[in-house]
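To start, the structure under review is shown below, and the notes come after it.
Order of the sequence lines fixes the chain letters, A, B, ..., with proteins taken first and strands second; residue numbering starts at 1 for each chain.
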Amino acid sequence: MIPLLVLTRKRNQSIIIGDDIEITVVEVRGDQVRLGVQAPRRVSVHRREVYDEIREANRAALATSRHALPGVLNLIKKP
Amino acid sequence: MAQSSGHQPDQLPAAQGEVYDFPGGLPGFPHARRFTLLRPPELAPLAWLAAADELDLAFVVIDPLVLFPGYQPRLAPEDLEVLGLADQSQAIMLAILNIPEDPGGTTVNLRGPVVLNPATRVGRQAILAGPDYVTRQPITGCQGRRDTFARSDPQAQPEHHHR
């Protein structure tokens with residue numbers, strides 16, 4: 001397990017990851033934190049739960065039933 | 001019929017049998033960097049997106065416009081850049097199907113379309129921001145009509161995007 005690095009930041013302070021990814025605390029309001037992310041375009045940035053949803057959907061899709069393929073085709077081709 | 005990608009739904013000619021590089025793999029499969037699109041004629045309009053280097057890592061895919069003519073995802077600038085696309089009209093877009101034993105329960109991932117650029121042979125699974133599309137859109141009940149898509153995350157509004 002990769003250990004979690006915990007850093008404390010105030011508003012407008014930032015952390016830098018590697019050479020070219022920077023995360024800034026834009027605003028703190030109650031228990032909500034607004035984060036600004038600066039990263040090269042090739043680096044994808046997503047809310048964790050959204051990424052997890054895609055990942056889980058991919059994993060579930062691997063269990064696709066090959067026996068059901070003809071049935072799916074019938075459903076798709078129905079006029 | 002609205003076409004966001006500029007090709008007919010049953011045509012995936014340039015992609016067939018060719019290997020695409022997926023620089024980041026897929027979410028959940030970061031090490032799977034190469035995929036081939038296989039289109040056995042008897043399966044059309046379904047196809048297989050199969051990992052080139054790993055047995056049993058393969059997804060059933062379909063052009064989402066076949067099922068959802070109103071599907072109009074907007075790719076983020078970073079997706080276009082990784083793919084080497086000037087705009088998404090040149091892209092081939094595929095949606096991964098999740099097929100249970102009962103085919104009537106089949107769902108399609110409209111929130112994470114697989115996008116291929118046949119010119120660069122680069123592929124990527126885009127993750128769409130915003131609540132417009134879901135990861136498990138049922139295929140039943142969609143024949144021939146535009147669907148309204150359920151909100152999957154009402155809080156996932158895109159905010160500032162100054163990249």
Side-chain angles (χ1 to χ4, degrees), chain A residues 1-2 11-12 14-79, chain B residues 23-24 26-30 32 42-46 48-49 56-62 66-67 76-82 96-109 111-112 114 124-129 134-136 139-140 142-144 152-153 155-156 159-160 162-163:
Chain A
M1 287 277 285
I2 301 172
R11 190 167 55 91
N12 292 328
S14 62
I15 62 174
I16 187 155
I17 299 172
D19 285 326
D20 48 14
I21 299 173
E22 186 174 357
I23 303 178
T24 306
V25 178
V26 169
E27 188 181 351
V28 179
R29 205 192 297 169
D31 60 359
Q32 205 174 58
V33 180
R34 297 192 83 198
L35 300 171
V37 181
Q38 232 171 340
R41 281 182 189 265
R42 62 183 156 73
V43 177
S44 62
V45 179
H46 297 286
R47 290 175 177 83
R48 177 64 199 258
E49 57 274 19
V50 173
Y51 179 87
D52 283 350
E53 203 181 325
I54 302 294
R55 189 189 57 187
E56 287 316 305
N58 285 348
R59 293 216 180 122
L62 277 191
T64 272
S65 160
R66 293 176 193 225
H67 308 297
L69 280 177
V72 178
L73 281 172
N74 281 337
L75 285 171
I76 291 173
K77 289 175 172 173
K78 236 189 272 185
Chain B
L26 296 179
F29 305 93
E42 64 273 13
L43 268 191
L46 301 176
W48 284 99
L49 186 70
D56 291 336
L57 181 54
F59 300 95
V60 179
V61 295
I62 193 170
V66 169
L67 297 172
E78 36 281 23
D79 290 325
L80 294 176
E81 176 158 326
V82 167
I96 295 176
L97 287 90
N98 187 347
I99 305 172
E101 288 295 335
D102 172 15
T106 297
T107 63
V108 177
N109 184 348
R111 191 163 195 189
V114 173
R124 179 175 172 94
Q125 183 169 28
I127 298 180
L128 301 177
V134 296
T135 54
R136 294 174 196 247
I139 66 166
T140 56
C142 66
Q143 266 63 16
S152 64
D153 177 2
Q155 299 200 334
E159 297 170 50
H160 304 293
H162 297 132
R163 301 181 75 188

Problem set entry | Student check: side-chain heavy atoms of S44(A) and R124(B) closer than 4.5 Å | yes
For this session: Could you check if a side-chain atom of R55(A) sits within less than 4.5 angstrom of a side-chain atom of L26(B), using non-hydrogen atoms only?
Result: no
Exercise. Which heavy atom of F59(B) sits nearest a heavy atom of N58(A), and at what distance?
Worked result: CE2-O, 3.3 Å
For this session: Below 4.5 Å from any heavy atom of chain A, which atoms of E42(B) appear? Answer side chain, backbone, both or neither.
Result: backbone
Exercise. For A126(B), is it the side chain, the backbone, both, or neither that has a heavy atom closer than 4.5 Å to a heavy atom of chain A?
Worked result: neither
Exercise. Which pair of non-hydrogen atoms, one from R136(B) and one from A60(A), has the smallest distance, and what is that distance?
Worked result: NH2-CB, 3.9 Å
Exercise. Looking at D102(B), D79(B), I96(B), N98(B), which one has more heavy-atom pairs under 4.5 Å with chain A than the rest?
Worked result: N98(B)
Problem set entry | Closest approach of V50(A) to R111(B) (non-hydrogen atoms, all atoms of both residues) | CG2-NH2, 3.9 Å
Exercise. Given P103(B), which of V72(A), N74(A), L69(A), I76(A) fulfils the side-chain contact (heavy atoms from CB on, under 4.5 Å) condition?
Worked result: V72(A)
Problem set entry | R11(A) atom CZ, neighbour heavy-atom count above 12 within 6.0 Å | no
For this session: Heavy atoms only: give me the nearest N109(B)-A57(A) pair and the separation to one decimal.
Result: ND2-CB, 3.7 Å
Exercise. So, do P45(B) and L73(A) sit near enough that their side-chain heavy atoms are less than 4.5 Å apart?
Worked result: yes
Exercise. So, for A58(B) and L62(A), which heavy atoms are closest and what is the spacing to 0.1 Å?
Worked result: O-CD2, 3.4 Å
Exercise. Under a 4.5 Å heavy-atom cut-off, does chain A meet the side chain of L43(B), its backbone, both or neither?
Worked result: both
Problem set entry | Heavy-atom side-chain proximity of T64(A) to T106(B) below 4.5 angstrom | no
Problem set entry | side-chain contact (heavy atoms from CB on, under 4.5 Å) between E53(A) and I127(B), intermediate numbers included | CA-CA 10 Å; E53(A) 203 181 325; I127(B) 298 180; over 6 Å; no
For this session: For E101(B) and A68(A), work out which heavy atoms get closest and say how close.
Result: O-CB, 3.6 Å
